[in-house]
Chemist: 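This is the structure, below, for whatever I ask next.
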Amino acid sequence: MVRRLEDAVRAAAAAAGVPAVDATAEVPPSADLGDVAFPTAFRMAPRLGRSPRLIAADLARALGELPEVRRVDVAGAGYVNVFVHRGAWLERARSGPDLGAPDGVHIVEHTSINPNKAAHIGHLRNAALGDSFQRILRFLGRRVEIQNYIDDTGVQVADVALGFIRLRGADLAEVERLARQPRFDYVCWDLYTEVSQWLESDPDGPRARREALHGLEYGEEPWSSIGAAISAAICRRHLETMDRMGVRYDLLACEKTILRLELWESAFRLLRDHEAIRLAEEGKNRGCWVMDTDLAQDGQKVIVRSNGTVTYVGKDIAYQMWQLGLLDRAMRARRFHDYPDGSTAWITTDEAGETDAPPFGNAALVHHVIDARQSYPQKIVQESVARVTSDQDRARTRHFTYEMVSLSPATAAALGFGGSSEEGGAIEVSGRKGIGVKADDLLDALTDRAATEVDRRNPDLPEAERTGLARDIAVGALRFLMVRVTKTQIIAFDLDEALAFEGATGPYLQYAAVRAARILERVGRESRPHSPSPPADLDARLDRLSAQEAGLLWTMMREAATVGAAAGQAARAEDPHVLARWAYEGAQRFNNFYHRYQVAGEADGNARELRGFAVEAFLAGHRTALDLLGIPIPERM
RNA sequence: GCGCCAGUAGCUCAGUUGGACAGAGCGGCGGCCUUCUAAGCCGCGGGUCGGGGGUUCGAAUCCUCCCUGGCGCGCCA
């Protein structure tokens with residue numbers, strides 16, 4: 001719609017003697033200034049040698065001819081402000097955003113926690129970002145596959161396996177027994193910090209760790225079985241934790257499978273044949289397969305060590321190439337977890353796969369949700385993909401980068417992570433040091449906090465219902481917390497702030513939705529998921545209201561219709577925060593309306609109808625946005 | 001040394017990709033619950049947008065040089 005106006009402006013500019021001018025539309029700061037604004041006259045002024053105001057007047061005359069235009073103003077030093085025919089505008093907006101044609105499978109890889117300890121707040125940010133992004137892509141019409149990379153043969157699992165054997169004297173049966181505990185991940189959390197300290201202090205540490213890691217990679221006992229038991233049990237725990245906040249997966253992609261099915265060997269042949277890597281015959285990397293690249297500090301990045309083993313980056317290259325369908329190998333999968341709604345989380349396997357497993361991989365595009373510390377290795381991987389394919393293909397594997405979560409000084413101190421000699425900076429979360437807030441602990445604390453409020457406000461509700469409300473509110477608070485700031489901003493996690501449910505918080509967004517739903521109930525309107533059809537003669541009916549009310553109602557309607565555009569912008573920016581801000585601003589606008597105007601109690605039929613419609617339109621957009629952010633809407637609050 | 005990120009109100013952060021007077025939340029002060037839920041609303045106070053220079057009709061936004069903080073730059077993962 002806006003495009004048609006832009007085309008008209010461009011045509012008018014060309015007629016005035018300035019062809020190919022940038023005629024991008026803007027949204028005026030307030031509704032009384034108009035619906036669409038063009039600063040185009042400013043751009044034309046230098047070329048024409050006339051004042052922007054006079055040029056703007058000419059543009060305004062041309063725009064005034066268009067059927068969708070109700071009125072055109074020239075404002076300020078030369079803005080052209082367009083007022084549209086509001087009913088027709090909304091009717092056209094209902095057809096939805098311009099959805100790009102699906103271009104094959106779009107993989108979003110997120111969470112990817114080492115399966116050796118409990119998830120913490122840093123992992124929650126990853127999962128919340130990845131899941132919201134995934135929901136947005138799906139909404140925009142993409143075919144999405146959610147993968148969760150499981151490093152089940154890495155040092156972190158090796159360390160915990162070593163801890164059970166050396167520090168606990170446990171055998172496989174004992175580990176399996178412990179793994180059946182409800183929060184086995186907490187047991188591992190503590191053991192992991194314990195074994196990390198032991199590794200640093202015991203002279204036998206480095207050797208023991210090498211042995212454990214080698215055992216995992218090459219399937220030697222007891223490391224292999226104990227490692228597999230730990231990793232499987234922890235993966236189940238992570239799935240439970242993430243399910244609490246509405247995050248689910250299609251496939252757990254295991255490193256062990258990548259090794260056993262020889263995906264690396266396939267990737268290696270590809271790299272070697274395209275001369276993306278070469279055997280270094282001299283220098284400090286003699287005997288290694290290296291990639292020559294300016295990205296590396298000394299011009300060479302080692303991919304295969306001189307002892308023949310593959311580096312971390314090498315394994316990631318194999319994985320990403322498999323995701324993109326570049327390898328002559330396939331992964332097999334079996335069922336790992338069935339969700340209540342009938343969907344399934346699959347897990348890769350080097351044994352026989354299940355015959356009805358979906359065909360995973362072969363993606364047109366892959367987003368890797370990984371924190372900013374990994375941007376260097378991610379660049380290396382992208383470079384390797386480009387070298388065996390093309391520069392276009394480099395763009396098919398994208399690093400969805402975000403900054404980490406640290407602890408605010410106050411929270412760090414309250415939890416006893418004071419540090420040794422601190423002047424009060426934020427403290428980095430560290431699984432190895434046991435510094436952090438566990439995801440389930442935070443969810444528990446949020447749920448308790450929410451339950452206190454729910455009990456106080458709704459003492460007469462059955463307990464089961466109150467519990468459900470508390471859970472929804474806790475999830476809403478958590479998910480909004482994780483996406484309310486830009487992903488490139490470090491989150492200084494503060495417990496008191498997280499537990500506050502006032503102001504710019506998830507519950508604020510939920511509260512607006514609950515209130516809107518209540519109004520619709522009162523006036524007998526349905527709360528539909530899609531934009532409602534506007535009343536006939538919207539322009540005439542709005543004109544019968546005060547200018548102030550008409551402005552507010554129209555802004556609510558107009559903005560509600562932009563949810564698809566906001567989702568598209570979030571997708572392009574690769575940041576759900578765009579949508580979170582959109583939803584928050586909408587909630588603010590609604591709350592402002594709520595306190596100013598009655599709906600059910602309004603005697604004037606025209607006002608009641610228009611206000612009811614505005615609420616219905618608001619809720620339709622708001623509901624969509626909250627759904628894309630994974631924020632549930634409680635029945636009441 | 002090189003690279004990435006951040007620097008905006010006392011604190012935590014937005015700022016629609018160069019536009020209209022720089023906004024919100026928290027905290028502070030003052031108001032609003034016989035009317036659809038006060039997890040809310042309204043008002044007040046609070047700013048050299050890290051600093052200098054430049055481009056432009058117009059800069060928090062772009063260029064350049066500095067300053068400060070965080071992270072990264074292994075045959076570790």
Side-chain angles (χ1 to χ4, degrees), chain A residues 24 26-30 33 37 39 41-43 45-46 51-52 75-79 81 114 151 154-156 158 213 280 284-290 294-298 301-307 309-313 315-316 371-377 379 401-404 406 408 425-426 428 450 453-454 457-458 473 477 484-486 488-492 494 496-497 500-508 510-512 514-516 518-523 565-566 569 572-573 577-578 581-582 584-585 588 591-602 611 615 636-637:
Chain A
T24 310
E26 294 173 5
V27 179
S30 69
L33 287 172
F42 296 119
R43 290 185 230 293
S51 89
Y79 280 94
N81 290 339
N114 269 296
D151 187 4
V155 277
Q156 294 214 18
L213 182 58
K284 68 183 189 99
N285 294 329
R286 186 156 37 100
C288 298
W289 284 86
V290 300
D294 292 338
L295 295 166
Q297 201 171 33
D298 50 10
K301 179 68 190 166
V302 173
I303 307 296
V304 182
R305 302 184 189 101
S306 53
N307 67 4
T309 58
V310 192
T311 61
Y312 163 79
V313 172
K315 290 176 191 166
D316 206 28
D371 76 63
R373 288 175 297 192
Q374 298 277 2
S375 59
Y376 168 65
K379 271 187 189 155
T401 182
Y402 67 95
E403 284 291 345
M404 55 188 178
S406 62
S408 76
E428 187 177 345
E453 290 298 321
V454 170
R457 291 156 204 264
N458 304 282
I473 292 164
R484 61 167 228 206
V485 304
T486 321
T488 48
Q489 187 76 242
I490 294 175
I491 292 182
D494 188 90
D496 289 338
E497 197 180 285
F501 293 164
E502 290 166 8
T505 65
Y508 180 87
Q510 295 172 312
Y511 196 52
V514 170
R515 280 176 149 179
R518 178 62 53 85
I519 290 173
L520 297 184
E521 205 178 290
R522 286 286 295 264
V523 298
Q569 207 179 326
R572 272 193 305 280
H577 147 261
V578 172
R581 200 184 69 240
W582 181 92
Y584 175 65
E585 286 171 357
Q588 275 185 314
N591 272 325
N592 179 280
F593 158 84
Y594 182 90
H595 282 271
R596 237 202 291 231
Y597 303 104
Q598 287 287 309
V599 182
E602 173 58 48
R611 291 174 192 172
V615 172
R636 69 188 78 224
M637 285 180 77

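Lettering of chains follows the sequences in order, A, B, ..., and the numbering in each one begins at 1. Bear in mind that the values here come from a model prediction, so they are computed numbers and not experimental data.
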Chemist: Base, sugar-phosphate, or nothing: which does A/S375 touch, judged by heavy atoms less than 4.0 Å apart?
Modeler: nothing

Chemist: Quick one: is B/rU37 close enough that its OP1 or OP2 comes under 4.0 Å of any side-chain N or O from A/R518?
Modeler: yes

Chemist: Give me the distance, rounded to whole Å, that separates B/rG40 from B/rG25 when you measure between the C1' atoms they each carry.
Modeler: 14 Å

Chemist: Rounded to whole angstrom, note down the P distance from B/rC67 over to B/rC29.
Modeler: 42 Å

Chemist: Looking only at atom C1', what distance separates B/rG72 and B/rC62, rounded to whole Å?
Modeler: 27 Å

Chemist: Give a yes/no on whether any side-chain N or O of A/R581 is located under 4.0 angstrom from OP1 or OP2 of B/rA24.
Modeler: no

Chemist: Students often get this wrong, so: under 4.0 angstrom with heavy atoms, is A/N285 touching a base, only sugar-phosphate, or nothing?
Modeler: base

Chemist: Check whether any side-chain N or O of A/N114 sits under 4.0 Å from OP1 or OP2 of B/rA77, and answer yes or no.
Modeler: no

Chemist: Take atom OH of A/Y402 and atom C1' of B/rA6, then tell me their distance rounded to the nearest Å.
Modeler: 17 Å

Chemist: Taking donor-acceptor contacts at under 3.5 Å, does the side chain of A/N81 reach the base of B/rA20?
Modeler: yes

Chemist: I'd like to check A/Y376 versus A/K301 (side-chain heavy atoms, cut-off strictly below 4.5 Å). Are they in contact?
Modeler: yes

Chemist: Between A/R636 and A/E521, does any NZ, NE, NH1 or NH2 come within less than 4.0 Å of an OD or OE carboxylate oxygen?
Modeler: no

Chemist: Under 4.0 Å between any heavy atoms, over every strand shown, what does A/V514 touch: base, sugar-phosphate, or nothing? Just pick one.
Modeler: base

Chemist: Pick the P atom in B/rG7 and in B/rC13, then give their distance to the nearest Å.
Modeler: 9 Å

Chemist: Quote, to the nearest angstrom, the C1' distance that separates B/rG15 from B/rU61.
Modeler: 9 Å

Chemist: How long is the line joining CD of A/E26 and P of B/rU16, in whole Å?
Modeler: 11 Å

Chemist: Count the heavy atoms belonging to other residues, nucleotides or ligands that lie under 6.0 Å from CZ of A/R596, then report whether that count exceeds 12.
Modeler: yes

Chemist: For atom C1', what is the distance between B/rA59 and B/rG51, given to the nearest Å?
Modeler: 16 Å

Chemist: So, does the side chain of A/R484 form a donor-acceptor pair with the base of B/rA14 at under 3.5 Å?
Modeler: no

Chemist: Phosphate oxygens OP1/OP2 of B/rA39: is one of them under 4.0 Å from a side-chain N or O of A/Y511?
Modeler: yes

Chemist: What does A/V599 touch in the nucleic acid at a heavy-atom separation under 4.0 angstrom: a base, only the sugar-phosphate, or nothing?
Modeler: base

Chemist: Please state the P separation for the pair B/rC63 and B/rG18 - nearest whole angstrom.
Modeler: 10 Å

Chemist: Verify the distance criterion only: is there a donor paired with an acceptor across the side chains of A/Y511 and A/N591 at less than 3.5 Å?
Modeler: no

Chemist: When you compare B/rA24 with B/rG46, how far apart are their C1' atoms, in angstrom units rounded to a whole number?
Modeler: 14 Å

